[in-house]
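Okay, structure first, notes after.
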Amino acid sequence: MALSPTLYSFTNRWECDENDHLNVQFYFSRFDEADQQFRLISGLSDTVAGARRVRHVRYHKELRTGDLITVHSGIAFDGPHLLTVVHEMRNAGTGALSATAIDGYEPSPSTVKSLRQRFSDYQTPMNADATPRGLSASPASARPALDKLLQGNGALCFRGTVMPRHVNADGKADDQFALSCCTDGVPHVWERSPLTQAYLTQHNLGRVAIEMKLIWHSPLKSGDMIVVASGFTGSQNKTFGMRHHVFESRTNRLAATLDVVALTMDLNARRAVELPEEARTAISKMVLS
């Protein structure tokens with residue numbers, strides 16, 4: 001079956017960041033809206049498949065001010081999860097694939113056959129472009145304590161408060177809120193490496209994420225205060241990894257984690273550039289323990 005159309009949207013100037021392209025938090029907000037529409041269309045719900053365990057996003061081509069956006073969604077039973085919802089975001093003007101998201105569910109294995117029958121009209125083969133590459137598909141099982149993170153190369157990079165505008169219809173903070181906290185804090189993480197704001201400005205480079213994995217461990221509600229503790233997870237020739245941990249401040253309860261694969265982009269050529277050896281070495285010495 002063909003993917004179902006689940007979103008028609010537009011890239012607003014105020015949603016674009018210092019790199020002059022759509023900020024990642026707004027990719028997540030659009031995937032969230034597309035998912036809500038797909039649930040209505042298909043009948044998928046937490047009661048049927050359990051709660052979403054992970055949302056895994058890959059960024060393929062930039063969306064810039066004025067670009068038209070569409071999202072189409074379906075269910076892949078040959079994906080990395082027992083039930084994988086696949087969302088494909090495209091530039092409606094060019095048809096180019098802009099981003100993909102897969103939502104992972106783990107219903108009881110005994111129900112998979114009945115779920116295949118139930119969602120037969122919405123099944124689609126797993127899109128190879130959406131398959132995780134720089135990050136594993138499985139949700140991380142480790143739930144480190146805040147004090148342990150800060151003792152093991154992690155550092156605080158953001159403090160904030162969940163406002164009423166940040167919660168969804170269920171009264172829980174949404175994906176966009178988690179992403180906005182991490183993206184506002186991430187320049188402070190980069191600043192710990194040789195890839196400082198001064199270095200990036202001097203070489204006309206931008207900070208770019210190419211893959212992300214968001215996991216909610218426990219909900220946040222309006223009025224909750226949070227801190228984000230982050231650190232590096234490794235580096236390669238052109239990319240490096242980091243992990244953000246969102247904690248509820250009053251009890252230091254872990255609410256969410258966001259894994260990121262990042263790179264530097266030449267803002268003229270709009271292409272990734274190789275990391276300097278100094279940066280790779282420094283990052284390798286600061287990996288979270």
What I'd like to find out is whether the side chain of Asn91 reaches to under 4.5 Å of the side chain of Leu63, using heavy atoms alone. yes

Please list, chain by chain and in numerical order, all residues satisfying side chain to side chain donor-acceptor pair (under 3.5 Å) with Ser120, sequence neighbours excluded. none

Given 3.5 Å as the limit, does a donor-acceptor pair link the side chain of Lys61 with the main chain of Arg90, or not? no

The test is salt bridge (charged side-chain N to carboxylate O under 4.0 Å, His left out); show your working for Glu15 and Arg30 and say whether it passes. CA-CA 12 Å; Glu15 296 174 312; Arg30 283 172 171 78; 2.9 Å; yes

Gln197 versus Thr201, side-chain donor and acceptor atoms under 3.5 Å: yes

Report the C-alpha distance between Asp103 and Arg55 in whole Å, list the side-chain angles of each, state the deciding distance to 0.1 Å, and finish with yes or no for salt bridge (charged side-chain N to carboxylate O under 4.0 Å, His left out). CA-CA 5 Å; Asp103 296 342; Arg55 172 162 286 164; 2.7 Å; yes

I need the Asp20 CG to Leu267 CG distance, nearest 0.5 Å. 9.0 Å

Please name the residue in the list His56, His60, Glu211, Glu88 that meets the side-chain hydrogen bond (donor to acceptor under 3.5 Å, both in side chains) test with Thr100. His60

Between Asn23 and Phe26, is there a donor-acceptor pair closer than 3.5 Å when you use the side chain of the first and the backbone of the second? no

For Tyr122 and Phe38, take the angle between the two ring planes, folded into 0 to 90°, and tell me which bin it lands in: parallel under 30, tilted 30 to 60, perpendicular over 60. perpendicular

Under the side chain to side chain donor-acceptor pair (under 3.5 Å) rule, collect the residues that match up with Trp190, sequence neighbours excluded. none

If only atom types and distance count, is the side chain of Arg253 paired as donor or acceptor with the main-chain N or O of Pro219 below 3.5 Å? yes

Has Arg133 got a side-chain atom pairing as donor or acceptor with Arg58's backbone, closer than 3.5 angstrom? no

Checking the side chain of Asp67 only, and the main-chain atoms of Thr11 only, is there a donor and an acceptor separated by less than 3.5 Å? no

Heavy-atom side-chain proximity of Phe158 to Val227 below 4.5 angstrom: no

Salt-bridge contact Arg39-Asp46 (side-chain N to carboxylate O under 4.0 Å): yes

